Amino acid sequence: MYIKKILWAIAIIGLIAFGAMAYYFYNVMFSPNTKFEENIEYIFVSQYDTYTDVRERLIPLLADIDGFDALAKQKKYISNVKSGKYQIKKGMNNNEIINSIRSNSIPVKLSFNNQNSLEALAGRIAIQIEPDSLSLLKAMNNPVFLEKAGLKEETVLGMYLPNSYQVFWDISADDLVNKMQKEYNKFWNADREAKAKALNFSRDEVMALASIVYEESKQKTEQPRVAGVYINRLKIGMPLQADPTLKFAAYKLPKYKNTVIRRVLNVHKEIDSPYNTYKYAGLPPGLVTMPDLSAIDAVLNYEKHNYLYFAADPKKIGYHRFAKSLSQHNNNARAYHKYLDKQGIRK
């Protein structure tokens with residue numbers, strides 16, 4: 001009888017202990033464990049992070065970090081941290097949080113506008129994804145990649161089209177470059193390829209001219225007319241005489257480092273550079289900036305006209321006056337120079 005009572009007591013204690021344990025693990029797994037007010041919070045986990053790093057980022061977000069630790073250990077997340085961007089929704093329990101940060105990496109929107117160099121582009125991208133600017137720049141300039149893609153140092157900037165892209169935050173630098181190449185090839189569809197061929201232009205030549213057009217005019221409605229002027233000059237063997245190429249050449253010289261050229265002068269036209277389109281006929285060897293998509297299509301769909309010249313319009317800033325004759329152009333240019341003088345812009 002005494003032994004029977006002892007067995008019953010042991011059984012009851014066991015049931016109580018089991019119930020307490022079940023209650024604890026139920027709460028650990030299924031009770032809400034967030035303490036932030038927003039509907040969603042995000043954490044970023046790099047490829048070098050350990051569980052300790054992840055835990056530090058979770059502490060401000062969770063009501064009970066110890067309970068999270070217990071379940072993370074049980075579910076082996078502690079030794080299986082995955083890199084990426086993850087979301088934690090308000091009211092999630094530990095089980096849902098662990099499932100989310102273990103396997104539900106979400107993409108980020110990578111955006112960049114017109115950059116004037118690979119260095120600037122790498123810096124712009126680096127603040128949006130995990131790879132730093134140095135690793136991005138190394139991948140962008142990788143000789144093996146450039147040769148495989150048929151690109152050169154002077155033309156590779158054109159492969160990066162200013163737009164928004166969906167990528168994973170922890171994408172590698174090499175994978176990002178490969179993705180940008182795929183997007184570039186996709187942009188060059190059969191229609192655009194046919195139009196480039198009709199111009200007897202390669203992709204690189206279209207991009208080089210588009211970069212000049214973009215620097216000359218940010219007005220989308222005017223860009224096809226500007227492109228038409230340059231194509232007319234090329235057709236008759238006339239030098240492009242494009243001011244953006246002079247500025248590009250000047251900025252490569254120590255004398256003009258950290259300066260802004262607001263007015264192209266005769267001294268700039270004497271710079272000995274293949275980008276000096278006053279000295280050398282034809283297109284420059286590469287891009288002077290990253291062109292907008294509108295400028296690329298402006299070249300491919302250039303306006304057919306008889307204009308050979310254009311000058312900035314002092315009465316409509318941002319736009320230009322177009323001319324068929326040099327005398328008419330000189331009148332337009334004088335009007336703009338007077339405007340610059342009045343504004344006190346000498347260089």
Side-chain angles (χ1 to χ4, degrees), residues 13-113 119-140 164-180:
I13 292 171
L15 285 171
I16 293 172
F18 178 79
M21 187 177 296
Y23 179 77
Y24 172 76
F25 277 106
Y26 178 85
N27 279 315
V28 165
M29 290 187 68
F30 300 116
S31 291
N33 192 28
T34 59
K35 64 177 182 180
F36 50 84
E37 296 301 321
E38 301 296 328
N39 290 326
I40 296 176
E41 290 285 352
Y42 297 95
I43 68 165
F44 295 86
V45 181
S46 82
Q47 58 180 316
Y48 305 108
D49 282 339
T50 64
Y51 177 72
T52 301
D53 299 314
V54 177
R55 186 180 188 275
E56 286 299 310
R57 293 181 198 127
L58 288 173
I59 287 175
L61 306 178
L62 304 187
D64 176 18
I65 192 63
D66 294 330
F68 181 85
D69 286 337
L71 191 60
K73 184 176 182 180
Q74 183 186 1
K75 299 190 74 166
K76 297 182 172 57
Y77 174 73
I78 287 177
S79 57
N80 196 28
V81 171
K82 302 288 186 182
S83 62
K85 176 186 178 182
Y86 301 98
Q87 64 178 10
I88 300 175
K89 296 179 181 179
K90 184 178 181 180
M92 270 187 167
N93 58 50
N94 288 329
N95 192 54
E96 293 169 330
I97 294 169
I98 291 172
N99 288 342
S100 178
I101 64 177
R102 180 164 60 186
S103 57
N104 291 331
S105 180
I106 60 176
V108 298
K109 185 171 79 169
L110 171 65
S111 301
F112 54 86
N113 54 6
E119 290 80 6
L121 175 63
R124 178 73 182 88
I125 292 175
I127 62 176
Q128 301 176 72
I129 58 175
E130 182 182 9
D132 59 33
S133 58
L134 290 178
S135 61
L136 287 168
L137 197 58
K138 182 179 178 182
M140 290 172 175
S164 295
Y165 304 93
Q166 290 287 327
V167 300
F168 286 103
W169 177 78
D170 57 338
I171 188 173
S172 71
D174 288 332
D175 285 346
L176 177 69
V177 169
N178 288 331
K179 177 178 175 60
M180 292 296 101

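The structure presented is a predicted model; accordingly, all values stated were derived computationally and were not measured. Quick note: numbers below take in every heavy atom, side chains included, and nothing from hydrogens, waters or symmetry partners.
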- Message: Within the 4.5 Å heavy-atom criterion, are Lys90 and Phe36 side-chain neighbours or not?
- Response: yes

- Message: I need the minimum non-hydrogen distance between Pro131 and Ala173, along with the two atoms involved.
- Response: CG-N, 3.9 Å

- Note on the structure: All heavy atoms of Ala126 vs all of Ser133, minimum pair found to be CB-N, 3.5 Å

- Message: Using the side chain to side chain contact (heavy atoms under 4.5 Å, CB included) definition, which of the options Val177, Leu176, Asn178 pairs with Met180?
- Response: Leu176

- Option passing side chain to side chain contact (heavy atoms under 4.5 Å, CB included) with Lys179 (candidates Asp174, Leu110, Val167): Val167

- Query: side-chain contact (heavy atoms from CB on, under 4.5 Å) between Tyr77 and Val54: does it pass, once the steps are laid out?
  - Reply: CA-CA 11 Å; Tyr77 174 73; Val54 177; 3.8 Å; yes

- Is there a donor in the side chain of Asn99 and an acceptor in the side chain of Lys75, or the other way round, less than 3.5 Å apart? yes

- Task: Could you tell me whether the side chain of Val108 reaches within less than 4.5 Å of the side chain of Ile129, counting heavy atoms only?
- Result: yes

- Message: Let's go through Gln87 and Glu41 carefully: what are the C-alpha distance in whole Å and the side-chain angles of both, what is the deciding distance for side-chain contact (heavy atoms from CB on, under 4.5 Å) to 0.1 Å, and is it a yes or a no?
- Response: CA-CA 6 Å; Gln87 64 178 10; Glu41 290 285 352; over 6 Å; no

- Could you grab the distance from atom OG of Ser105 to atom CG of Asp170, nearest 0.5 Å is fine? 5.0 Å

- Item | From CA spacing to verdict: side-chain contact (heavy atoms from CB on, under 4.5 Å), Phe68, Ile98 | CA-CA 8 Å; Phe68 181 85; Ile98 291 172; 3.4 Å; yes

- Query: Can you tell if the side chain of Glu130 reaches within under 4.5 Å of the side chain of Ile171, non-hydrogen atoms only?
  - Reply: no

- Taking the side chain as C-beta and beyond, is there a heavy-atom pair between Thr34 and Ile88 under 4.5 Å? yes

- For the residue pair Pro32 and Met92, establish whether any side-chain heavy-atom pair is separated by less than 4.5 Å. no

- So CD1 of Ile43 and CZ of Arg57: to nearest 0.5 Å the spacing works out to 7.0 Å

- Any side-chain heavy atom of Tyr51 sitting closer than 4.5 Å to one from Asp69? yes

- Between Gln128 and Lys109, which heavy-atom pair has the shortest distance, and what is it? OE1-O, 3.6 Å

- Could you go step by step and tell me if Ile97 and Leu62 meet the side-chain contact (heavy atoms from CB on, under 4.5 Å) rule? CA-CA 10 Å; Ile97 294 169; Leu62 304 187; 3.6 Å; yes

- When rounded to the nearest 0.5 Å, the distance separating OG of Ser46 from CH2 of Trp169 is 5.5 Å

- Query: About how many Å separate CD1 of Ile106 and OH of Tyr42, when rounded to the nearest 0.5 Å?
  - Reply: 5.0 Å

- Message: My understanding is that only one of Asn94, Asn93, Asn95 makes a side-chain hydrogen bond (donor to acceptor under 3.5 Å, both in side chains) with Asn33; could you say which?
- Response: Asn94

- Item | Side-chain touch Tyr86/Phe44, heavy atoms, less than 4.5 angstrom | no

- Please determine if Asp64 and Lys35 form a salt bridge, counting it only when a charged side-chain N lies under 4.0 Å from a carboxylate O. no

- Over all heavy atoms of both residues, which pair between Leu137 and Ala122 is shortest? Give the atoms and the distance, please. N-CB, 4.2 Å

- Message: Do Glu96 and Lys89 have side chains that approach each other closer than 4.5 Å (heavy atoms only, starting at C-beta)?
- Response: no

